[in-house]
There are 2 protein chains.
Amino acid sequence: MRRRVTIYEVADAAGVSVATVSRALNGGRVAPSTRERVLQVAGRLGFSPSPAARVLATGKSRAIGVVIPDATGPLYGRMLRGIGLELAQAGYTYLVESSERDPGREGQVLRDLSARDVEALVLIGSGLGPQALAAMQGELPALVLVEREGAELAAPMVTIDNESAAERATRYLIEHGHERIAHISGPRRAGRERLAGWRRALAAHGLAPGPVEDGGFTEAGGYRAAKALIGQGGFSAVFVASDRMALGAYRAFREAGLRVGADVSVVGFDGLEFGAYLDPPLSTLRQPAQQLGQAAARAALAVTRGERPENVVLSCELVPRASVMEYGGGL
Amino acid sequence: MRRRVTIYEVADAAGVSVATVSRALNGGRVAPSTRERVLQVAGRLGFSPSPAARVLATGKSRAIGVVIPDATGPLYGRMLRGIGLELAQAGYTYLVESSERDPGREGQVLRDLSARDVEALVLIGSGLGPQALAAMQGELPALVLVEREGAELAAPMVTIDNESAAERATRYLIEHGHERIAHISGPRRAGRERLAGWRRALAAHGLAPGPVEDGGFTEAGGYRAAKALIGQGGFSAVFVASDRMALGAYRAFREAGLRVGADVSVVGFDGLEFGAYLDPPLSTLRQPAQQLGQAAARAALAVTRGERPENVVLSCELVPRASVMEYGGGL
DNA sequence: TATCGTAATGTAAGCGGTTACATAAGCACA
DNA sequence: TGTGCTTATGTAACCGCTTACATTACGATA
């Protein structure tokens, strides 16, 4: 079995005390020549300090906890990569747990992570509401909120600029000559902000808002919402607040005999991979998932240092594709 | 700041010694009445044992390390969910790191995870070769290999039955009347086994193997391979060893004016989400990603107990879709 | 009643680091 | 040469658990 090389063995081999070894390794005051020797011996022996012992001695675990809503979500992998990259530079790691979109389970997960001694918690996406979180905050380490409600929680927030992105999406349709633009909306903060962006773009161009239907951010909801819109008519384009809802909308349009990109233009939101493979490929706004992760990690590191980092707002990139065409007479 | 409740405080409050508290909590011999009281007090005080202290005292970290090739891979999220689920039941956690498909970095990552005291390492997908791993094995905890080469490493392996799945895919084409079936293959063990399954199915039905082109498991490679096949002709269907290569193949067929599902039938492999949204939807073999994760976690737990678990081979499920049609005269 | 085995509990020694405090060494200065 | 600093290093306590071993209590047995 692998056996751990301890600091004592390094100390013996280098002919110094463990305190000196510890200092040499962690940048304390040591004579340069001694440091040199200790480092050399430590390297030769393959010494690597026991994280557990270090945690116990210092009270800092050098780990942060990350809670995601759904392990299979396509964006979370990218966020985690961003988090991992950023943390690694600071010698930190992370523990991930998924709440599986169950607020009760999220509570569990938070307690669990907290019991595991993480120094900060990054909560991604929707989950427990602000009041519920506030109630738990006493027993939890510092929080960082990513794309989540909770301005009142005195926790740093990392978000995307939903409103501007939605405005950009809508403007993209307007630039293609569309004047009657519908919206399939979603719930919560993200949904509200995207709705607001849509409104703002229309208002800025002196256009009246088209019909709005809620799609609950699900494919089935998007399908139903599109059906409802089709029933009402009066639009030549739709801004859909998520790619997944756009998927459902595609189906509804197809069933109604409408060709996306010809009879009706569509812009989605999120930039999920499958959008590129739809027929026609879906125009969308790409979320900067990895950057969100990095920003969240930076914020988390800052809070572990007792700082109070600024909120971060990132913007999305428009991905123009064939689902949007020049206006040529609408529904 | 949150302060940790220690076992001493519980002991005081319950009027017993710390040893008794520890035993009461971990199932040692304690009088039932005492255990009851201790548990009660511990609950009231909100005691949860310091993992670091426990690791230090027992030498077991209750954590395993997981290495994935690519944080954004769509299957890894599912695998991790399986791993997490299984580990949680045993009171274990995991640390993930991604090698980003860089063997050098994988070496780093392994050392890093190992320095973090994980009790076992689950290596997913391709990466360092068996010789390189063997060379490191001395400084690493026990390994579990998931979909990876290394039969000679004396490490439990969790894999899918690539050959049978490929055979099933090919048989599916044969059942639709195709007799001249090409193959776009991939590298490494997975590629070889899928090739073998394709051959086996053809042989079993007395059919001659059609042309084979390697696509390197990438979309661009699939495109090139399909181009090459089209140049040669002589097939009415293709079994493609990965969905991503199938994506490239679709493009090549489209550019050549061939309609997938009509002029040429295609079966992919992996069961990635986007396949359902291709035009036409791609028939494929779905990898049991979550089950792979669970099996891997079970194996990892077993090795931490010093057991030598059996290899696990899981099978894939055929997902029939419109990319395969009854033979009606081929290229 | 003395003896012994057994069950319940307590005492204290680690586990492997960090770090406050003590000590020693080296040097400048009077 | 003695005094006082500064700097380098050592000693040992502590972080919060687990667990080997010691101790105590108690009923069973002779």
Side-chain angles (χ1 to χ4, degrees), chain A residues 1-39 41-42 45-63 91-93 114-119 304, chain B residues 1-39 41-42 45-63 91 93 114-119 141 304:
Chain A
M1 201 57 195
R2 294 171 316 131
R3 218 195 54 76
R4 165 135 246 143
V5 178
T6 75
I7 199 175
Y8 289 91
E9 304 171 40
V10 176
D12 277 0
V16 294
S17 75
V18 293
T20 300
V21 175
S22 178
R23 282 188 285 251
L25 263 38
N26 299 305
R29 302 188 69 97
V30 205
S33 62
T34 312
R35 156 163 295 130
E36 172 82 7
R37 181 159 35 99
V38 169
L39 260 37
V41 170
L45 264 42
F47 170 73
S48 83
S50 151
R54 196 182 271 207
V55 170
L56 199 53
T58 61
K60 337 207 83 266
S61 64
R62 304 192 147 258
Y92 272 64
T93 1
S114 154
R116 286 204 153 79
D117 265 348
V118 297
E119 294 180 41
T304 65
Chain B
M1 202 56 196
R2 293 173 315 132
R3 218 196 54 79
R4 165 134 250 146
V5 179
T6 75
I7 201 175
Y8 288 92
E9 304 171 41
V10 177
D12 277 359
V16 295
S17 74
V18 293
T20 300
V21 175
S22 177
R23 283 188 285 250
L25 264 36
N26 299 307
R29 303 189 70 98
V30 204
S33 62
T34 311
R35 157 163 294 132
E36 172 83 6
R37 182 157 39 95
V38 170
L39 258 39
V41 171
L45 265 41
F47 170 74
S48 82
S50 152
R54 198 183 269 211
V55 169
L56 198 52
T58 60
K60 338 207 80 264
S61 64
R62 304 194 145 258
T93 1
S114 155
R116 286 203 153 79
D117 266 347
V118 298
E119 295 181 38
T304 65

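On a predicted model such as this, the values are computed, not experimentally measured, just so you know. Chain identifiers are assigned alphabetically (A, B, ...) following the order of the sequence lines, protein sequences preceding nucleic acid strands; residue numbering begins at 1 within each chain.
- As rounded to whole Å, 19 Å separates atom P of C:dG17 from atom NZ of A:Lys60.
- Closest to the B:Arg54 side chain, of the nucleotides D:dT9, C:dG17, D:dT18, is D:dT18.
- A straight line from CD1 of B:Ile7 to P of D:dT19 spans 11 Å, rounded to a whole angstrom.
- Closest contact between the side chain of A:Ala19 and the listed nucleotides C:dA8, D:dT18, D:dT11 involves D:dT11.
- Nucleic acid contact for B:Val55: none, since no nucleic acid atom lies under 4.0 Å from a heavy atom of the residue.
- Each of A:Arg29 and B:Ala53 has a nearest nucleotide on DNA chain D; the 5'-most of these lies closest to A:Arg29.
- The shortest non-hydrogen separation linking A:Tyr92 to A:Thr304 is OH-OG1, 3.9 Å.
- A:Thr93 approaches B:Arg116 most closely through the heavy-atom pair OG1-NE, 3.1 Å.
- Proximity note for B:Thr34 (side chain, C-beta onward) versus C:dG16, D:dC17, C:dA8: the nearest is C:dA8.
- Mapping A:Arg23 and A:Ser48 onto DNA chain C by nearest heavy atom places A:Ser48 closer to the 5' end of the strand.
- OP1 or OP2 of D:dT18 lies within a sub-4.0 Å distance of a side-chain N or O belonging to B:Ser22.
- Remark: A:Ser17 is in phosphate contact with D:dG10, judged by side-chain N or O atoms under 4.0 Å from OP1 or OP2.
- With hydrogens and angles disregarded, no donor-acceptor distance shorter than 3.5 Å links the side chain of B:Ser48 to the backbone of A:Ala115.
- An OP1 or OP2 oxygen of D:dC15 is reached within less than 4.0 angstrom by no side-chain nitrogen or oxygen of A:Thr58.
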>> Run the side chain to side chain donor-acceptor pair (under 3.5 Å) test on B:Ser50 and B:Arg4 for me, step by step, so that the C-alpha distance in whole Å, both residues' side-chain angles and the decisive distance to 0.1 Å come before the verdict.
In response: CA-CA 8 Å; B:Ser50 152; B:Arg4 165 134 250 146; 4.8 Å; no
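- Rounded to an integer number of Å, the gap from A:Asp12 CG to D:dT11 P is 11 Å.
- For B:Arg35 and C:dA8, the CZ to C1' distance is 12 Å, given to the nearest whole Å.
- In this structure, OH of A:Tyr8 is placed 7 Å from C1' of C:dG16, rounded to the nearest angstrom.
- When the C1' atom of D:dT19 is taken as reference, atom CG of B:Leu25 falls 15 Å away, rounded to whole Å.
- Ranking D:dT18, D:dT7, C:dT18 by closeness to the B:Val18 side chain, first place goes to D:dT18.
- Between the P atom of C:dG16 and the CG atom of A:Leu56 lies a distance of 12 Å, rounded to the nearest Å.
- As judged by a 4.0 angstrom heavy-atom cut-off over every strand, A:Val5 is placed among residues touching the sugar-phosphate backbone only.
- Among the heavy atoms of the strands lying under 4.0 Å from B:Val30 are primed sugar atoms or P, OP1, OP2 only; no base atom is included.
- The side-chain heavy atoms of B:Arg23 and B:Val16, taken from C-beta on, include no pair separated by under 4.5 Å.
- At a cut-off of 3.5 angstrom, counting only N and O atoms as typed in the model, there is no donor on one side facing an acceptor on the other between the side-chain of A:Arg4 and the base of C:dG17.
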